Amino acid sequence: MAEKTVVQASNFVRNIIQEDLAQGKNQGLVATRFPPEPNGYLHIGHATSICLNFGLAADFSGTCTLRFDDTNPEKESDEYIQSIKRDVEWLGFEWHGEERYASSYFDTLHGFAVELIEKGLAYVCDLSPEQAREYRGSLTEPGKNSPYRERSVADSLDLFARMTAGEFADGAKVLRAKIDMTSPNMNLRDPIIYRIRHIHHHQTGDKWCVYPMYDFCHGLSDAIEGVTHSICTLEFEDHRPLYDWFIANVSAPSTPRQYEFARLELNYTVTSKRKLKQLVDSAAVTGWDDPRMPTISGMRRRGYTPAALRNFCAATPVARSKGITDVSRLESAVRDDLDSKAPRAMCVLDPIKVTITNWSADDVKTLVVPVHPKDETMGTRELTWTREVYIDRADFAMQAPRKWKRLAPQQSARLRGGYVVTCNQVITDADGKVLELLCTYDENTLGKKPEDYKVNGVVHWVSASHNLPVEVRVYDRLFNDENPDGNKERDFTECLNPESLQVISQAYAELGLASGTVGQQYQFEREGYFCIDTDSTADKMVINRTVTLRDSWGK
RNA sequence: UGGGGUGUAGUCAAGCGGUAAGGCAACGGGUUUUGAUCCCGUCAUGCGCAGGUUCGAAUCCUGCUAUCCCAGCCA
């Protein structure tokens with residue numbers, strides 16, 4: 001089946017690039033970058049950034065690099081680097097050249113810092129963190145100059161060299177840019193550009209004990225890579241003057257421009273690496289790849305597809321106004337992609353036994369049905385029809401409501417792909433719980449409508465004797481509250497949904513599923529989309545519910 | 001009380017002086033051996049509020065208001 005074309009939502013960055021190109025800026029080049037800090041797993045918010053940066057580069061025949069913004073070794077690790085690379089690749093993007101590391105620019109960056117000192121635009125400051133905070137002033141009051149601000153160039157040069165050589169303890173001194181302590185923009189009040197950290201770095205080992213701060217490192221790394229359009233989120237808007245200041249005051253090899261857009265917010269979801277890490281560390285979920293997590297690895301395990309995520313991102317407008325996107329948009333992107341790709345199968349999650357009284361117990365019939373109702377290139381599959389079958393408890397009602405299209409006493413329904421059956425008798429236990437349905441089948445209804453009566457319902461089923469018992473994990477949203485961290489009075493973990501995972505230890509799938517391998521996706525007809533989980537063993541297949549089908553009947 | 005942003009339907013948004021795109025959600029209807037998919041249709045006399053400029057304003061001007069971000073040696 002052909003790939004659907006996805007509507008590309010508006011994108012103000014795209015417009016800016018088109019104008020730049022029209023004016024011949026940047027020699028007609030477009031270069032972007034995706035710059036994660038390797039301090040956690042990527043989530044749905046990063047997916048929008050990835051799609052934006054790689055997508056823009058692809059659309060304008062440009063390049064997009066993957067650069068690890070690894071300036072804070074304390075929180076970073078190789079595990080995160082590996083997961084990030086895997087996630088970007090899985091999404092279907094290829095970064096330009098080898099992956100980059102800001103840490104591999106440390107020599108150049110250090111040189112830029114020296115250059116600033118030589119120009120009298122940076123100085124070594126001995127203020128303690130507490131003192132520095134006092135000197136910084138507040139949002140409404142200007143800051144005061146540090147007593148070390150007028151230190152001579154020679155002294156700062158010497159001190160910075162000794163900082164770099166490891167002569168001072170963590171926090172003893174910092175290198176600061178000399179800008180304006182009275183600026184209404186806090187970022188310009190002599191920001192710190194290097195701090196001392198005697199700590200092993202996952203890439204550079206013990207080579208350095210001074211590490212550059214984000215503002216200094218990021219823009220200049222962009223300049224080193226020849227990035228033309230540096231796209232980040234809105235909270236960095238106030239940093240832009242600083243971004244430009246560093247590039248203007250150092251012999252930067254190019255002049256990238258920063259553009260900010262509103263990060264993606266999803267309702268019923270938390271997207272903050274810190275909070276996601278908290279969920280993992282507190283065992284509220286089983287790991288970064290728990291299928292309930294909004295991480296890329298979690299969504300992958302849940303059964304979301306790269307195309308679904310890409311389509312979702314492409315259809316998400318890139319704007320400068322903040323808004324909360326409805327998760328239903330994500331879910332509809334998943335359904336939309338899986339509908340055409342997922343083979344169909346049947347699985348009964350909550351069984352009631354049905355005995356077809358006019359079908360012989362030793363008669364086992366093979367039915368051949370299409371794998372996909374609209375795509376015959378996907379072939380056919382076999383179902384086993386026997387005297388005893390299971391249907392779902394939800395598909396039978398003692399008292400059929402109005403417009404009921406399923407089974408009920410004296411009512412008929414088709415067992416999908418098989419015959420029409422009529423329920424003649426209901427066997428219940430002392431409490432009235434339905435134990436078994438006694439039905440008769442109509443032999444003239446295989447592959448055709450009954451001649452003298454109408455059947456409006458179709459119900460999924462599986463043979464009670466020829467099936468594959470599986471464990472099914474049914475997921476619901478992780479949080480009950482639409483805005484988990486919208487209330488400052490309570491911790492976001494207080495609105496964790498206690499029923500976000502329901503384990504059905506024994507469900508019954510059609511036999512054909514036995515050949516499925518980990519990651520294989522299916523549509524269980526009338527139930528939803530499912531995939532085989534990594535927890536599956538030779539003895540027990542574990543299946544995740546990715547998302548339900550749209551349901552206009554209601555639950 | 002400083003600075004920087006943003007307010008268009010339930011929701012997210014386009015719109016850039018010429019008479020309010022689109023998506024999701026919702027609601028009707030058609031097809032259907034999945035209450036799915038698919039297909040049709042409905043959904044802003046109005047763009048945060050109040051003035052002003054103009055033949056004409058969501059778009060320009062003035063004032064107001066709401067809301068978000070910034071005082072890490074985090075990114």
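All of these numbers come straight from a predicted model, not from anything done at the bench. The sequence lines fix the lettering, A, B, ..., with proteins before strands; numbering per chain opens at 1.
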Watson-Crick or G-U wobble partner for B/A58, using a 3.5 Å limit on both distances? none

Partner of B/U11 under the Watson-Crick or G-U wobble criteria, both distances under 3.5 Å, comes out as B/G23

Using a heavy-atom cut-off of 4.0 Å across all strands, would you classify A/Gly457 as base, sugar-phosphate, or nothing? nothing

Each nucleotide of nucleotides 8-13 of chain B classed B (base within 4.0 Å of a protein heavy atom), S (only sugar-phosphate) or -, in 5' to 3' order, makes ---SSS

Using a 90° cut-off around 0 for syn, call B/G23 syn or anti. anti

Would you say the side chain of A/Lys405 lies within less than 4.5 Å of the side chain of A/Gln411, judging by non-hydrogen atoms? no

Which residues, if any, of residues 182-204 of chain A bring a heavy atom under 4.0 Å of RNA chain B? A/Pro184, A/Met186, A/Ile192, A/Arg195, A/Arg197

Give a yes or no on whether a salt bridge exists between A/Lys75 and A/Glu37, defined as a side-chain N under 4.0 angstrom from a carboxylate O. no

Taking the minimum atom-to-atom distance to the side chain of A/Arg550, which one of B/U1, B/C24, B/A26 wins? B/A26

Searching all strands shown, indicate the nucleotide that pairs with B/U37 (Watson-Crick or G-U wobble; both distances under 3.5 Å). none

Compare the minimum distances between each of B/G4, B/U33, B/U34 and the side chain of A/Asp238, then state the nucleotide with the smallest one. B/G4

Please check if the side chain of A/His201 supplies one atom and the backbone of A/Thr71 the other of a donor-acceptor pair under 3.5 Å. no

Just checking A/Lys173: base, sugar-phosphate only, or nothing, at a heavy-atom cut-off of under 4.0 Å? nothing

What I want to check is whether an N or O donor and acceptor connect the side chain of A/Glu527 with the base of B/U34 at under 3.5 Å. no

Ion pair check, A/Asp339 and A/Arg335, cut-off under 4.0 Å: no

Closest to the A/Pro129 side chain, choosing from B/G35, B/C73, B/U34: B/C73

What's the closest nucleotide to the A/Val174 side chain, out of B/C73, B/C69, B/G5? B/C73

To the nearest angstrom, the CZ-P distance between A/Arg263 and B/C69 comes to 11 Å

Which part of the nucleic acid, if any, lies within reach of A/Met346 when heavy atoms closer than 4.0 Å are counted: base, sugar-phosphate only, or nothing? nothing

Atom pair distance, as rounded to whole Å: CZ in A/Arg274 and C1' in B/G72: 14 Å

Any base atoms under 4.0 Å from A/Pro373, or only sugar-phosphate, or nothing? Heavy atoms, all strands. base

Are the side chain of A/Lys85 and the backbone of A/Glu99 linked by a donor-acceptor contact shorter than 3.5 Å? no

Among B/G35, B/A75, B/C73, the one nearest any side-chain atom of A/Thr71 is B/A75

Across the strands shown, which category fits A/Gly143 at heavy-atom distances under 4.0 angstrom: base, sugar-phosphate, nothing? nothing

In terms of side-chain geometry, is the basic nitrogen of A/Arg67 or A/Asp222 positioned less than 4.0 Å from the acidic oxygen of its partner? yes

Could you give the CD1-to-C1' distance, from A/Ile179 to B/C70, as a whole number of Å? 15 Å

Reckon A/Phe524 touches a base, only the sugar-phosphate, or nothing at all at heavy-atom distances under 4.0 Å? nothing

Between B/U33 (P) and A/Asp395 (CG): distance, integer Å: 18 Å

Classify the nucleic acid contact of A/Glu141 as base, sugar-phosphate or nothing, counting any heavy atom under 4.0 Å across all strands shown. nothing

A/Lys449 side chain near B/U33 phosphate (N/O to OP1/OP2, under 4.0 Å): yes

Considering only B/U37, B/C24, B/A71, which nucleotide approaches the side chain of A/Ser328 most closely? B/C24

Salt-bridge criterion met for A/Arg320 and A/Glu260 (N-O under 4.0 Å): yes

Charged N-O contact under 4.0 Å between A/Arg406 and A/Asp392: no

Hey, mind stepping through A/His460 and A/Glu525 against side-chain hydrogen bond (donor to acceptor under 3.5 Å, both in side chains) and telling me if it holds? CA-CA 7 Å; A/His460 60 101; A/Glu525 292 184 286; over 6 Å; no

Identify whether the distance between the nearest side-chain nitrogen and carboxylate oxygen of A/Asp244 and A/Arg257 falls below 4.0 Å. yes

Sugar-phosphate, base or nothing in reach of A/Trp404, heavy atoms under 4.0 Å: base

Nucleotide B/A75, atom P - distance to CZ of A/Arg240 in whole Å: 20 Å

Test: A/Arg100 and A/Asp70 ion pair at under 4.0 Å: no

B/A75 base stacked by A/Tyr214 (centroids within less than 5.5 Å, tilt under 30°): no

Under 4.0 angstrom, heavy atoms only, what part of the nucleic acid is A/His239 near: base, sugar-phosphate, or nothing? base

Look at the rings of A/Phe492 and A/Phe479 and say which category their plane angle falls in: under 30° parallel, 30 to 60° tilted, over 60° perpendicular. tilted

Watson-Crick/G-U partner (both atom distances under 3.5 Å) of B/C64: B/G48

A/Phe216 atom CZ is separated from B/A75 atom C1', nearest whole Å, by 16 Å

Using Watson-Crick or G-U wobble geometry with both distances under 3.5 Å, which nucleotide pairs with B/U31? none

Centroid-centroid distance, A/Phe160 to A/His110, less than 6.0 Å: yes

So which nucleotide does B/G72 pair with, by the Watson-Crick or G-U wobble rule with both distances under 3.5 Å? none

Ranking A/Asp215 and A/Lys448 by the position along RNA chain B of their nearest nucleotide, the one closer to 5' is A/Lys448

Can we say A/Asp190 and A/Lys178 salt-bridge, meaning some charged N sits less than 4.0 Å from an Asp/Glu carboxylate O? no

Need one value for A/Leu127: base, sugar-phosphate or nothing, where a base atom within 4.0 Å counts as base even if backbone is also close, heavy atoms only. base

Per A/Leu549 side chain, nearest of listed nucleotides B/U34, B/C38, B/G35: B/U34

Indicate, with a heavy-atom threshold strictly under 4.0 Å, whether A/Ser552 touches base, sugar-phosphate, or nothing. sugar-phosphate

Taking B/G72, B/U1, B/U37 as options, the one with an atom nearest any side-chain atom of A/Arg136 is B/G72

Nearest to the side chain of A/Lys75, which nucleotide is it out of B/A75, B/C74, B/A71? B/C74

Rounding to an integer number of Å, can you tell me how far A/Asp551 CG sits from B/U37 P? 10 Å

Report which part of the nucleic acid A/Arg133 touches: base, sugar-phosphate, or nothing (heavy-atom distance under 4.0 Å, all strands). sugar-phosphate

Any N or O donor-acceptor pair linking the side chain of A/Arg526 to the base of B/U34 at under 3.5 Å? no

Spacing of the P atoms in B/A13 and B/C24 (rounded, Å): 16 Å

Nearest of B/U34, B/C70, B/G15 to any side-chain atom of A/Asn15? B/G15

To the nearest Å, how far apart are A/Asp69 CG and B/A75 C1'? 7 Å

Could you tell me how far B/A20 sits from B/G29 if I compare only their P atoms? Round to whole Å. 30 Å

